[in-house]
Protein chains: 2
Amino acid sequence: MPVRHGATRDTILDAAEQLFSERGFEGISTRDIVKAAGVNLGAINYHFGTKERLGVEVYVRCLARVNRNRIARLDALEAAGGGRELSLAQVVEAFVRPAMADEKEPVSSGSNLMRLACRCFQEPNPELRKFIEEQFTEVALRFHSVILKVVPDLPAGELFWRMNFLIGALNRGQEIWLRFDRMPRPQGIDPVKPDFEGLIQRLVLFATAGLSAKCPIVG
Amino acid sequence: MPVRHGATRDTILDAAEQLFSERGFEGISTRDIVKAAGVNLGAINYHFGTKERLGVEVYVRCLARVNRNRIARLDALEAAGGGRELSLAQVVEAFVRPAMADEKEPVSSGSNLMRLACRCFQEPNPELRKFIEEQFTEVALRFHSVILKVVPDLPAGELFWRMNFLIGALNRGQEIWLRFDRMPRPQGIDPVKPDFEGLIQRLVLFATAGLSAKCPIVG
DNA sequence: GCGGTATGCATACGTTTGTTTGAAACGAAC
DNA sequence: GTTCGTTTCAAACAAACGTATGCATACCGC
């Protein structure tokens, strides 16, 4: 029945990705996964050992892709700029866009990439968090140093927190965008759902302003 | 044994609040809760019916307090201002501060209030989400209209998204602040953990800039 | 005092959980 | 065509899960 080597393994990863992104790691059972994947119950333990190791692999696979993409975009920007200084908006976009879509997973409201990139920050399981956080060290360092160059009068100590504010805004933006149609929207406000590019544009605008806010002179 | 009416019920609520805030709703069992609360296993079902209804009550109790506080702060600001226009920073602070501490729960790294106010946005359980989101309708409307007054050239359609960016930044800021000491911090960046007021100040600065960013002229 | 409602407790119920087992089916090598 | 390592399968495992039951105890108006 299996067509190629490792097919079952990948099927499980894909099914688990989808389910975890919707209900979280603790909210999904191994039986949910094998049923969705159409494979045997024993397959998870055979291929991954434990449910937790499967969880780690799902999240790491997704985040590695996103973060590789972020760095690639930054590299491309710097190469294209040829020594000229980048704009902060360009840098922020290079950070934001890969969390939303890439060549393998084009934009859609059913996008696993975006959904999982959100959920990875929301998993309370400490073991999972450990591996998830590891995926961000390289990207954090790269963007940190680039942004410091682009926003010269920003104290280094401030950037750490502002980067996290950006990450939070990104997550929340994604979450609301994905759930928009199924969400009880407060009447009297009547928000509109922008298309995908509109969301990025709004995020970039917000975060760019936030990142480059002048620090009040202390003392 | 019980000293006053409803003591067991409240003990359960407090214990569940603490545990849910750390591991999420799905990550905690009824047995975890009764053990932490020091009450009988049957007590949860007796007082709340189901685990899910206990979950709803825990989150609603916390959010009702936070959001009541937000509105009270806004009322106080408007009363004190006596018709003068508020500053955006004041409004943002009125939104941010109640999610971090109040008279019942002063600031500390063990603060349940802050931890739970974060987790409430991260629960994947749809039933829980429904009740959680309900808690925000009033506060959303109030702050929406106030901010529109304070940032006059902000298109109403934009504010919905920027408010959510603010919420995201707030959540992420809280989360990182709470976990700061137990977190693997990227070397080469060496961030410092501000005190509580410093966190609020940074959040207000970031969000104020983001909220009042000028929209690029389209067309 | 007494009756009745509200609460506490120990225990058990039926499911679902993650994981393990041992045998069957497979593909490639020889 | 037999062998061997790998993968799939149905079935079973013990443990943990949320919940229900039956009975003891407390409280309160009377």
Side-chain angles (χ1 to χ4, degrees), chain A residues 1-60 119 123-131, chain B residues 1-60 119 123-131:
Chain A
M1 190 70 73
V3 180
R4 61 183 188 78
H5 181 80
T8 298
R9 207 185 132 91
D10 286 353
T11 311
I12 292 174
L13 275 172
D14 291 338
E17 179 170 294
Q18 160 107 2
L19 293 172
F20 287 161
S21 76
E22 286 166 358
R23 309 286 310 253
F25 178 76
E26 315 271 13
I28 291 295
S29 71
T30 54
R31 284 172 173 82
D32 293 332
I33 299 170
V34 297
K35 187 187 289 183
V39 301
N40 189 265
L41 177 55
I44 288 183
N45 296 96
Y46 175 75
H47 285 284
F48 301 93
T50 66
K51 182 197 175 193
E52 199 166 55
R53 280 217 284 277
L54 165 62
V56 170
E57 199 145 333
V58 166
Y59 280 106
V60 166
R119 272 233 66 80
E123 287 298 350
N125 184 308
E127 195 63 21
L128 246 53
R129 292 198 77 111
K130 214 184 67 189
F131 288 96
Chain B
M1 188 72 72
V3 182
R4 62 181 186 79
H5 182 81
T8 298
R9 208 185 130 91
D10 286 353
T11 311
I12 292 174
L13 274 172
D14 290 339
E17 179 170 293
Q18 160 109 3
L19 294 172
F20 287 160
S21 77
E22 286 167 359
R23 307 287 310 255
F25 178 75
E26 315 271 12
I28 292 295
S29 71
T30 54
R31 284 171 173 81
D32 293 332
I33 299 169
V34 296
K35 187 187 288 183
V39 302
N40 189 265
L41 177 54
I44 288 185
N45 297 97
Y46 175 75
H47 285 284
F48 301 95
T50 67
K51 182 197 176 193
E52 200 166 55
R53 281 218 285 277
L54 165 61
V56 170
E57 199 144 334
V58 166
Y59 280 105
V60 166
R119 271 233 67 81
E123 287 297 350
N125 184 306
E127 194 63 21
L128 245 54
R129 291 198 77 110
K130 213 183 69 190
F131 287 96

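Residue numbers begin at 1 in each chain, while the letters A, B, ... track the order of the sequences. Since this is a predicted model, take the numbers as computed values, not measurements.
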Nearest-Å distance for atom pair CZ/P, residues R31(A) and dA16(D): 16 Å
Spacing of E26(B) atom CD relative to dT16(C) atom C1', expressed in whole Å: 13 Å
Whole-Å distance separating the CG atom of L41(A) from the P atom of dA12(D): 13 Å
Sorted by number, the residues of residues 44-53 of chain A with heavy-atom contact under 4.0 Å to DNA chain C: N45(A), T50(A), K51(A)
Below 4.0 Å: OP1/OP2 of dA16(D) and any side-chain N or O of S29(B): no
Side chain to side chain contact (heavy atoms under 4.5 Å, CB included) between I12(B) and V34(B), intermediate numbers included: CA-CA 7 Å; I12(B) 292 174; V34(B) 296; 5.6 Å; no
Min side-chain heavy-atom separation L13(A)-V58(A) under 4.5 Å: yes
Comparing G38(A) and T30(B) on DNA chain D - which has the more 5′ nearest nucleotide: G38(A)
E123(A) side chain to F25(A) backbone, donor-acceptor under 3.5 Å: yes
Presence of N40(B) side-chain N/O under 4.0 Å of dA10(C) phosphate oxygens OP1/OP2: yes
Side chain D14(B), main chain T11(B), donor-acceptor under 3.5 Å: no
Separation of atom CZ in F25(A) from atom C1' in dG18(C), rounded to whole Å: 10 Å
Atom-pair distance (CG on D32(A); P on dT19(C)), nearest Å: 14 Å
Sugar-phosphate, base or nothing in reach of I28(B), heavy atoms under 4.0 Å: sugar-phosphate
Main-chain N/O of I28(B) paired to K51(B) side chain as donor or acceptor, under 3.5 Å: yes
Side-chain N,O (T8(A)) to OP1/OP2 (dT8(D)) below 4.0 Å: yes
Whether R119(A) side chain and E22(A) backbone form a donor-acceptor pair below 3.5 Å: no
Rounded distance (nearest 0.5 Å) linking atom NZ of K35(B) with atom CG of N40(B): 13.5 Å
Between dT17(C) (P) and R23(A) (CZ): distance, integer Å: 11 Å
